[in-house]
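Letters A, B, ... mirror the listed sequences (proteins, then strands); counts begin at 1. Below, all heavy atoms of this structure are taken into account, side chains as well, without hydrogens, waters or symmetry copies.
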Amino acid sequence: MSKRKNPCESTNPNAEFCDFLMELAEYEKNVSRNIHKYNAYKKAASVLAAQPKKIESGKEAKKLVGIGDKISKKIDEFIQTGKLRKIETIHNDEKAQAISMLTRVSGVGPVKAAELVKDGIITIKDLKNSKQLLNHHQLIGLKYFEDFEKKIPRSEIQAIENKLKALVIGFDSNFTITICGSFRRGKAESGDIDVLATHLSLKPEGAKKKHGETMLKRLVDNLEGLIIDVISMGDTKFMGVCRLSDDLPARRLDIRLIPCEQYHCAVLYFTGSDVFNKTMRTHALEKGFTLNEYYLRPMGSTGVPGEPVPIASEEDIFDYIEYPYKKPEERNL
DNA sequence: AATAGGCCCTT
DNA sequence: AAGGGCC
């Protein structure tokens with residue numbers, strides 16, 4: 001998922017409300033550093049986005065879960081005046097604008113952005129003249145600032161997948177890779193590329209030891225030509241940058257190395273969507289199972305999870321918990 | 001009171 | 001070890 005996001009389709013009748021709520025959400029997260037207000041605004045935006053009809057008053061909005069006094073008053077103000085004083089104030093606050101801008105750099109969060117602004121850095125151009133203040137991740141984020149905000153067309157990810165598979169299978173046919181995330185759910189475009197990889201010989205204990213460590217490095221080393229920068233490289237997770245060809249933007253690409261026996265649960269988990277995962281986990285609990293990123297386990301009567309159920313395919317997971325199989329394209333909840 | 005939790009990096 | 005940032 002990319003750093004900038006907008007859960008509200010522009011087609012929805014309450015898009016104007018969602019827009020200002022999302023802007024307030026970003027402000028609370030990046031500038032005020034109030035994560036709870038951020039969550040509250042996001043929740044309000046998403047509940048409005050789910051309404052089939054345009055909300056006509058704050059009073060009407062207030063009936064919805066997640067919209068209380070404050071937000072309903074803002075909706076009234078927006079309906080009556082066509083704007084929000086609070087938003088105007090934020091727009092006129094240069095410091096707030098600078099922090100918002102700087103947090104768009106990958107690796108720069110609210111804390112780092114505030115530091116930079118305190119040092120007098122308010123634009124991306126300023127930042128380019130102060131590279132000594134940035135760590136490796138942030139330098140990469142700055143280098144590809146424009147590219148990383150561009151969506152990736154499905155066709156391009158498809159081509160990257162083909163190339164990835166060819167490269168990987170070419171040097172070790174015991175590797176399997178799957179691109180998950182919104183791409184796997186069939187979306188026309190994605191924010192980044194989320195690759196899961198496993199190797200026939202990879203056991204759970206091995207993943208974080210030398211075995212996995214060398215294995216992920218070996219995998220990445222063999223992707224030469226595709227990978228153009230490394231953000232971070234751990235035992236189980238690689239974060240980096242790839243470019244399919246010179247005429248295309250650089251893209252964010254992550255690779256996670258998963259032990260064989262956890263692969264299907266991981267693919268399910270990283271395919272999402274978030275809401276779908278939550279629904280599925282809740283259903284699993286009702287059927288007496290606990291499902292996470294790694295395993296499906298039966299819940300004992302004592303509330304202690306039992307031994308992981310052996311899983312041979314994604315469908316197996318659905319079968320065990322008696323949940324009708326949903327193709328990835330049907331998981332866009 | 002408020003959706004997780006883990007991985008990786010830096011200090 | 002703790003904090004920041006990301007997914």
Side-chain angles (χ1 to χ4, degrees), chain A residues 1-5 7 25-26 28-30 32-47 65-71 99 102-116 132-142 144 148-149 152 179-185 190-197 204 207-209 212-213 216-217 220 229-241 251-259 262 265-282 284-285 290-295 305 333:
Chain A
M1 214 101 58
S2 67
K3 202 158 174 173
R4 312 260 60 179
K5 56 174 166 191
E26 292 296 316
E28 294 298 344
K29 175 162 70 92
N30 296 329
S32 308
R33 280 187 259 170
N34 187 329
I35 197 66
H36 297 304
K37 285 191 178 183
Y38 162 74
N39 284 326
Y41 279 125
K42 254 188 21 173
K43 184 176 180 185
S46 86
V47 68
V65 184
I67 299 186
D69 235 17
K70 303 280 205 37
I71 292 179
I99 290 175
L102 295 172
T103 56
R104 285 163 58 185
V105 176
S106 181
V108 176
V111 175
K112 181 68 185 181
E115 269 174 41
L116 290 168
Q132 74 283 358
L133 298 175
L134 301 181
N135 67 23
H136 178 67
H137 182 166
Q138 293 155 349
L139 287 171
I140 303 273
L142 182 60
Y144 300 111
F148 285 175
E149 293 199 333
I152 316 173
I179 299 186
C180 298
S182 54
F183 171 77
R184 188 156 181 267
R185 298 200 307 274
S190 305
D192 61 10
I193 302 164
D194 199 1
V195 182
L196 262 52
K208 298 199 77 160
K209 304 241 184 254
E213 182 191 348
L216 183 56
K217 284 182 174 50
V220 172
D229 264 307
V230 176
I231 293 175
S232 66
M233 173 90 219
D235 297 346
T236 61
K237 188 165 81 162
F238 162 85
M239 293 172 66
V241 187
R251 308 299 196 182
R252 278 280 294 106
L253 177 135
D254 293 345
I255 305 177
R256 294 180 159 79
L257 186 61
I258 312 285
Q262 297 172 189
C265 282
V267 166
L268 176 69
Y269 178 86
F270 286 108
T271 297
S273 67
D274 289 353
V275 175
F276 174 80
N277 285 350
K278 194 177 287 187
T279 312
M280 189 148 167
R281 286 196 299 266
T282 303
L285 279 175
T290 170
L291 175 64
N292 64 17
E293 161 185 358
Y294 311 108
Y295 295 115
L333 301 186

Exercise for review: Using the C1' atom on both, measure B/dA4 against C/dG5 and round to a whole Å.
Suggested key: 16 Å
Point to revise | Contacts of type side chain to side chain donor-acceptor pair (under 3.5 Å), residue A/D254, not counting sequence neighbours | key: A/R252
**Study point:** Sequence-distant partners of A/R184, side chain to side chain donor-acceptor pair (under 3.5 Å), two or more places apart
**Key:** A/T271, A/E314
Review point. At under 4.0 Å between heavy atoms, what does A/R33 touch on the DNA or RNA strands: base, sugar-phosphate, or nothing?
Key: nothing
Point to revise | From B/dC7, C/dC7, C/dG5, nucleotide with atom closest to A/V111 side chain | key: C/dG5
Practice item. Measure from CZ on A/R104 to P on C/dG5 and round the result to the nearest Å. Key: 17 Å
Which atom pairs link the protein and nucleotides 2-4 of chain B when you take only N or O atoms and keep those under 3.5 Å?
{"unit_1": "B/dT3", "atom_1": "O2", "unit_2": "A/K278", "atom_2": "NZ", "d": "3.2"}

Point to revise | Whole angstrom value for the distance that separates C1' of C/dG5 from CD1 of A/I35 | key: 12 Å
Check your understanding: Of all residues at least two apart in sequence or in a different chain, which pass the salt bridge (charged side-chain N to carboxylate O under 4.0 Å, His left out) check with A/E115?
Key -> A/K112
**Study point:** Qualifying residues under side chain to side chain contact (heavy atoms under 4.5 Å, CB included), relative to A/A113, sequence neighbours excluded
**Key:** A/I99, A/L102, A/T103, A/V108
Review point. Who passes side chain to side chain contact (heavy atoms under 4.5 Å, CB included) against A/K37, sequence neighbours left out?
Key: A/E28, A/N34
Practice item. Rounded to the nearest angstrom, tell me the gap between atom CG in A/L257 and atom P in B/dC7. Key: 13 Å
Point to revise | A/D194 side chain to A/C180 backbone, donor-acceptor under 3.5 Å | key: no
Exercise for review: Describe the nucleic acid contact of A/D254 in one word from base, sugar-phosphate, nothing, applying a heavy-atom distance below 4.0 Å.
Suggested key: sugar-phosphate
Point to revise | Results of side chain to side chain donor-acceptor pair (under 3.5 Å) for A/Y144 - residues two or more places apart only | key: A/D229
Point to revise | Separation of B/dG6 P from A/I258 CD1 (nearest whole Å) | key: 14 Å
Exercise for review: Determine yes or no for a side-chain-to-main-chain donor-acceptor pair under 3.5 angstrom, with A/H136 supplying the side chain and A/S232 the backbone.
Suggested key: no
Practice item. Whole angstrom is fine here: how far is it from CG in A/N30 over to C1' in C/dC6? Key: 14 Å
Review point. What is the distance from CZ of A/F238 to P of C/dC7, rounded to the nearest Å?
Key: 13 Å
Exercise for review: Among the candidates C/dG5, C/dC7, B/dC8, find the nucleotide nearest to the side-chain atoms of A/T236.
Suggested key: B/dC8
Exercise for review: Could you list the residues that satisfy side chain to side chain donor-acceptor pair (under 3.5 Å) with A/Q262, not counting sequence neighbours?
Suggested key: A/Y295
Write out a two-atom table: protein N or O, nucleotide N or O from nucleotides 9-11 of chain B, distance below 3.5 Å.
{"unit_1": "B/dC9", "atom_1": "OP1", "unit_2": "A/M233", "atom_2": "N", "d": "2.9"}
{"unit_1": "B/dC9", "atom_1": "OP1", "unit_2": "A/M233", "atom_2": "O", "d": "3.3"}

Practice item. Measure the distance from CZ on A/R256 to P on C/dC7 and round it to the nearest whole Å. Key: 9 Å
Practice item. For A/D194 and C/dC7, give me the distance from atom CG to atom C1', rounded to whole Å. Key: 8 Å
Revision key, fill the gap. Among C/dC6, B/dC7, C/dG5, the one nearest any side-chain atom of A/S106 is C/dC6
